[in-house]
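Keep in mind the model is a prediction, meaning the values are calculated, not measured. Note that ligands are numbered from 1 as they come in the structure, with each ligand's atoms numbered from 1 the same way.
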Amino acid sequence: MTRFVFITGGVVSSLGKGIASAALAALLQARGYKVRMRKLDPYLNVDPGTMSPYQHGEVFITDDGAETDLDLGHYERFTGVHARRADNATTGRIYSEVIARERRGDYLGATVQVIPHITDAIKEAVVSGTDEYDFVLVEIGGTVGDIESLPFLEAIRQLRNDLGHDHTMCVHLTLLPYIPAAGELKTKPTQHSVKELQNVGIQPQMLLCRSDRPIPDNERRKIANFCNVRPQAVIAALDVDTIYACPISYNREGMDSEVLRYFGLPHDGTPDLSRWEKIVHTIREPEGEVRVAVVGKYTALLDSYKSLAEALLHGGIANNVRVKLEWIESEEFEKSADRLERLRDVDAILVPGGFGERGAEGKIDAVRFARENNIPFLGICFGMQMAVIECARSLAGLPNASSTEFGPTDEPLVGLMTEWARGSEMLRRREGGELGGTMRVGAYPAKLATGSRVAEVYGKTDIRERHRHRWEVNVHYRDVLEKTGLRFSGMSPDGILPEVVEYPDHPWFIGVQYHPELLSKPFDPHPLFSGFIKAAVEKARS
Ligand code: GLN
């Protein structure tokens, strides 16, 4: 029978609950168990798709086209298990389902209430489709004590009774602050936070304590005593220099064996963590360094580019180099063209995904700089669209080339996608329709041209990549652009949607309509990122 581990957080936010959950999943996997990870988010948005990256960081896309919380990205990067729509539920989604049922009359005249209707819907979201897994790890977003997360905590409390204590476990992540004046790690915030949990009827069986130093025995015993857990179940989550060291660090602290002991499973010996040791070793002791400029728009909050930063790091692992990222606001270049000179001594330039007109001209300037100065270039989604506009303006003699995303234009190089195929189904959209959930989003196949650079990078011509876009490169301009030397080297299988463009005469210049960063793993770097960083290494050497 499936076992459920619920992970809550207390004291403060941003303790890295997502990474901690993912690292535990990786450890259970290394012990030979089949794991699935889920996240419950307490906000009222139905999904994070409509939230600004500044609010919520990156929106992570699943194969089945869900727009989800960025923690699902960590889950995939640590476990390699592809997340699904069902793995992320928000308060908004739960309520909209319950209200839809109420409108249909499914509740047969009952008064619809948080308990039991909302909590039942939460419980259903937690357990549905989990039969084949040994462990399901469920992270609860937010901090214990918030009003918003109460229905989720109540659902967990009930689930522990429904499924049995021997099949459910609660892990609570807290912070042990070090107070220099006292020379001590303080346990009081942890005690209070566990009290908050106990108030709603949940007794954690394990505490994962973020701390910048080892927990002395005395403090460990104190925490165990006051919080009603075994001292062995007080696990130090020590600060690490790379997130990929977490599985190794938690294992040393005994986390996985304590979890297995709790469930009455064999817990001796150590799992094979060589995969993580290799990754950490390469990150800590690379043989060189490359500098990559990321010219974007949300650079003030790096969580907006979480998967991208990780994928670039993975590209570095593949080439045994450190990748130093320089985050540049593209609007800088619009203020003064001289600032483009900053790009002269980087080894590669990347223009990532984005939305809206602000900063677009600066991105186009960065594309031109990369093209003219033979600097390796990767354009992702919006970045690819800007590369095509740059080509049209600078090389194809279409100075008014633009995207209809920025308003009406005579030369719609990039236009609103109004219909596209998903398998045998045609999906359609109206201009001015709803914004939420109306993009071409999720994994779609693409065909790469034989002999193209991108096909060489992948080592195959049939690919499947995750998308999230509302506009598309206008295929009617294909001939005009190809005459300038830009090759359309990847297309949707029906030949209608441009997926990849490249300049065969440039050392390495590729634009892709999809988001390769979402599929990269530290133990399996995405070929586009390995290839891009390899090109940067070659540029650095030349
Ligand atoms: N704004 C562009 C579109 O919707 C690009 C989206 C993106 O970069 N993810 O097509």
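- When the options Leu308, Ile328, Val351 are evaluated for a side-chain contact (heavy atoms from CB on, under 4.5 Å) with Val294, the one that passes is Leu308.
- Ligand 1 has at least one atom lying under 4.0 Å from a heavy atom of Gln385.
- In terms of protein heavy-atom proximity, atom 7 (C) of ligand 1 is closest to Cys381 SG, 2.9 Å.
- For the pair Tyr43 and Thr91, the minimum side-chain heavy-atom distance is 4.5 Å or more.
- Atoms of ligand 1 lying under 4.0 Å from at least one heavy atom of Trp471, given by number and element, are 3 (C), 4 (O), 10 (O).
- At a heavy-atom distance under 4.0 Å, only backbone atoms of Arg468 (N, CA, C or O) approach ligand 1.
- Not one N or O of Gln513 is nearer than 3.5 Å to an N or O of ligand 1, by distance alone.
- Contact of the Phe152 side chain with the Pro42 side chain is registered, since non-hydrogen atoms from C-beta on lie closer than 4.5 Å.
- Contact annotation: for Glu472 versus ligand 1, there are no heavy atoms closer than 4.0 Å.
- Two residues are said to be in side-chain contact when any heavy atoms from C-beta on lie closer than 4.5 Å; Gln29 and Val81 meet this criterion.
- A salt bridge does not link Arg291 with Asp347: none of the charged nitrogens is closer than 4.0 Å to a carboxylate oxygen.
- At a 4.0 Å cut-off, not a single heavy atom of Met439 sits close enough to ligand 1 to count as contact.
- Across Gly354, Gly356, Gly353, Ala360, heavy-atom proximity to atom 6 (C) of ligand 1 is greatest for Gly354.
- At a 3.5 angstrom cut-off on N or O pairs, Phe382 counts as close to ligand 1.
- Taking the centre of each ring, His467 and Tyr444 come in below the 6.0 Å mark.
- At a threshold of 4.0 Å, the pair Lys297-Glu329 does not count as salt-bridged, since none of the basic side-chain nitrogens sits closer than that to a carboxylate oxygen.
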